[in-house]
Structures are given as structure tokens and as C-alpha cells.
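Below: one structure, written as C-alpha cells.
Letters go in sequence order (proteins before strands), and every chain restarts at 1.
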There are 2 protein chains.
Amino acid sequence: MARDAAVKTAPPASAISDATLREFTGYNMKRAFMVIQADVTRTLEPFGLRMVTYSALAIVGDNPGLSQTQLAAALAIERPNLVVIVDELEGRDLVNRDRVPTDRRTYALRLTTEGARLLARATEAVRGHEARMIKGIGKADEATLIACLNQIEASDTGRS
Amino acid sequence: MARDAAVKTAPPASAISDATLREFTGYNMKRAFMVIQADVTRTLEPFGLRMVTYSALAIVGDNPGLSQTQLAAALAIERPNLVVIVDELEGRDLVNRDRVPTDRRTYALRLTTEGARLLARATEAVRGHEARMIKGIGKADEATLIACLNQIEASDTGRS
DNA sequence: TATTGTTATACTCTATAACTATA
DNA sequence: TATAGTTATAGAGTATAACAATA
């Protein structure tokens with residue numbers, strides 16, 4: 001290690017600046033989201049769930065009977081990638097793939113009793129995670145935060 | 001297609017609810033960040049930069065002479081993954097790997113003249129992206145947004 | 001013995017093309 | 001012909017172990 005009095009040729013590890021990037025909302029959001037993602041991953045682990053499988057359960061719970069294509073669109077993932085996710089949830093008897101008599105191409109996705117129970121328990125745990133994350137933020141600021149996030153989301157040009 | 005008057009067995013594609021997930025800051029943040037990420041990716045494409053390569057340029061610009069280990073820590077990526085990123089930037093003559101006489105194990109990373117020029121031009125473009133993203137959000141709310149994001153980031157327990 | 005940069009490797013996530021069965 | 005679900009596959013992004021050079 002160089003002595004304290006040595007000529008500084010490089011910043012010490014503790015003093016690396018990200019001033020240029022801190023100017024941008026997106027950078028601050030990415031850093032904040034990394035913390036949230038790490039915590040929610042730990043939160044869901046005891047239930048054998050990942051962010052995407054928990055989200056899938058929540059969407060199916062809110063929309064019983066929806067199709068895999070609809071679920072993929074709601075989760076903003078491609079249909080092929082959803083197949084393995086539903087396979088996993090069905091294999092654990094958390095969701096059912098019910099046949100639709102009027103259109104034998106599609107499945108109607110529904111939570112099983114166990115799926116609904118696990119979703120309820122996991123949602124309680126995620127509420128605990130949420131409380132940890134926004135601890136120290138007042139109600140008014142929290143409302144402003146959500147409103148800003150939704151405004152940014154709505155600014156999507158959809159250009160592809 | 002089922003007729004309009006048919007018994008509704010599944011919600012129409014346009015009416016899928018994510019009410020349960022909307023309760024959570026992390027979900028709203030993920031949706032907002034996906035929009036930001038898509039737009040900034042398009043913004044940086046003309047410069048031949050990705051989010052991570054732009055971020056690397058910005059950090060090197062703010063901290064001339066820092067090591068690869070320090071840069072990796074600042075970007076929150078693993079050292080092995082940084083090597084290929086610096087390889088790419090060095091190959092395009094945007095950054096230099098200068099030898100450090102006092103410690104021949106480390107490189108001192110610095111922007112080349114062209115690297116500094118590209119960083120400046122890209123940063124201007126990212127400012128335009130930023131303006132698009134927060135259009136419609138007032139100055140006060142923007143300050144609250146940043147403060148909330150930083151508060152959430154600071155809530156990191158660091159538990160690993 | 002510890003650290004920097006590196007290689008090799010593997011695992012997850014995501015994206016696309018093409019197939020089947022139904023409509 | 002078009003759509004739902006599926007398969008196969010390829011490309012990112014990310015993570016760990018182990019090595020050579022140097023401290």
C-alpha cells in the first residue's frame with residue numbers, strides 16, 4: 001500500500017466519483033432498483049419463488065382464466081420464455097392449465113388452492129420488503145414517487 | 001373470435017389487471033426503468049455505446065487514473081466481466097491502459113482525446129433522453145423523485 | 001500470503017425462427 | 001391464412017474458480 005503522504009496517482013477506492021451519471025434519473029433509478037431487486041429476491045427465496053414467478057402468480061390471481069399470451073404480455077416477456085415459467089408453476093401445482101372448450105388452442109390459467117395460499121403468504125412477505133425499502137420516506141413523498149414513476153412509464157413512445 | 005355478447009370466460013387482452021403488483025414501489029420502478037432503458041439504448045446506439053460502456057466512459061472521465069478493480073466496483077460488475085468492456089473501449093481508442101510504475105500489477109485507466117470527445121457528445125444526447133423521460137414532471141417533484149431513489153438505495157443492508 | 005488482471009466456464013435472461021394443432 | 005402454445009437455439013448479461021504476474 002502507498003503511504004498516506006504519497007503523491008495521489010489514482011483516487012482511493014472509497015472516493016470514486018459518479019458525478020456525471022448522478023445527474024440522470026435513470027442512473028439513480030438503476031442503483032435504487034438493484035437494492036430493491038436484491039432484497040425482494042431474498043424475500044421470495046423461502047417460498048421458492050423468483051420475481052418473475054411471483055409476478056406471474058399475482059397476475060393470474062388478478063385475472064383468473066387469462067391465456068398464456070395475455071400473461072406474457074402483462075409480464076412483458078416473450079411467449080416462449082413464459083412456457084417454462086408456467087411449466088414450473090404447474091409442476092408445483094400452483095396454477096392449472098384448463099382447456100377452453102370454445103377454443104382448443106388456448107389454455108385458461110387459474111391459481112390452485114395451494115397457489116392462492118402461497119401467493120397470499122408471499123404477498124405479505126413482499127409487503128414487509130416494501131416497508132423496509134421505503135422506510136424514512138413520508139406518505140406524501142411516496143405518493144409523488146409513484147406518480148413520477150408512472151408518468152415516466154407513460155412517456156413510452158412504444159417505438160420499436 | 002367470440003361475439004361481444006358471449007359469456008366472458010377470460011378478460012380481454014386490453015383489460016388485464018396488475019392491481020396486486022401496482023401496490024409495490026419496486027414493480028412501478030421496474031416498469032418505469034424498462035421504458036428508460038429502451039430509450040437510452042436507442043439514444044446511445046448512434047455512438048456505438050451501450051449503457052455499460054457509456055457508464056464506464058463517464059466513470060473514467062470523472063476519475064482519471066483509476067484501476068480496473070475500482071471501475072468494476074463503481075459499475076457494480078465483476079472484474080472478469082469488466083475486462084472485455086475495457087478491451088472494447090481500448091480497441092476503439094477511447095480509453096488507455098497506462099502502466100503504473102509503483103505497482104506493475106495495475107492499470108491506470110484514462111480517456112483518450114477521442115474518448116473524452118465521444119463522452120461529451122453522448123452525454124449531450126443522454127441529456128436529451130433525460131428531458132424526454134421527465135417531461136411533464138415539475139422541478140420540485142423531480143427533486144423528490146431523486147431524493148426518494150437515493151433514500152431507497154441507501155437502505156441497502158449490504159447483506160450478502 | 002494477498003491482489004490485479006485475465007481466462008475459461010457456466011448459468012440465467014432474453015430474443016427469434018420455426019413447428020403443431022387448432023381456428 | 002392466422003393464432004396459441006411449443007421447441008430449439010442463440011445471444012446478452014452475470015457469476016465463480018483458477019491461473020500468471022506482481023506485491
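- OP1 or OP2 of dT3(D) has not a single side-chain nitrogen or oxygen of Thr106(A) nearer than 4.0 Å.
- The CE-C1' distance, from Met34(A) to dG13(D), rounds to 12 Å in whole Å.
- Whole-Å rounding puts the Leu82(B) CG to dA15(D) C1' distance at 14 Å.
- Between dA2(D), dT6(D), dA21(D), one nucleotide has an atom nearer to the side chain of Arg105(B) than all others, and that is dA21(D).
- Nearest nucleotide to the side chain of Val83(B), out of dG13(D), dT14(D), dG5(C): dG5(C).
- A side chain to side chain contact (heavy atoms under 4.5 Å, CB included) with Leu145(B) is found for exactly one of Ile152(A), Thr144(A), Asn28(A), namely Ile152(A).
- The distance from atom CD of Gln37(A) to atom P of dG13(D) is 15 Å, rounded to the nearest whole Å.
- As a whole-Å value, the separation of Glu78(B) CD from dT4(C) C1' is 14 Å.
- Between the CD atom of Glu90(B) and the P atom of dG5(C) there is a distance of 12 Å, rounded to whole Å.
- Closest to the side chain of Arg97(B), out of dA2(D), dA15(C), dT6(C), is dT6(C).
- A residue-by-residue look at Asn81(A) and Asn81(B) shows that Asn81(A) has its nearest nucleotide of DNA chain D further toward the 5' end.
- Here Gln68(A) reaches the OP1 or OP2 of dT6(D): one of its side-chain N or O atoms lies under 4.0 Å away.
- Taking atom CZ of residue Arg99(B) and atom C1' of nucleotide dT4(C), one finds them 9 Å apart after rounding to whole Å.
- As rounded to whole Å, 13 Å separates atom C1' of dA17(D) from atom CZ of Arg79(B).
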side-chain contact (heavy atoms from CB on, under 4.5 Å) between Leu118(A) and Arg92(A), intermediate numbers included = CA-CA 11 Å; Leu118(A) 184 66; Arg92(A) 294 175 58 189; 4.0 Å; yes

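- Regarding Leu71(A), its CG atom lies at a distance of 20 Å from the P atom of dT3(D), rounded to whole Å.
- Side-chain atoms of Asp103(A) stay outside donor-acceptor range of the base of dA4(D), with no qualifying N/O pair under 3.5 Å.
- Contact check on Arg127(A) versus Glu124(A) returns a salt bridge, with a Lys/Arg side-chain nitrogen under 4.0 Å from an Asp/Glu carboxylate oxygen.
- Residue Phe24(B) is grouped with residue Val52(A) when hydrophobic side chains (ILVMFWY) are merged at heavy-atom distances under 4.5 angstrom, including chains of intermediate members.
- Among dT6(C), dA8(D), dA23(D), the nucleotide with an atom closest to any side-chain atom of Pro80(A) is dA8(D).
- Below the 3.5 angstrom threshold, one finds no donor paired with an acceptor across the side chain of Arg104(A) and the base of dT22(C).
- Between atom CD1 of residue Ile36(A) and atom CD of residue Glu130(A) there is a gap of 7.0 Å, rounded to the nearest 0.5 Å.
- Take the nearest nucleotide of DNA chain C for Val86(B) and for Val52(A): the residue whose nucleotide is more 5' is Val86(B).
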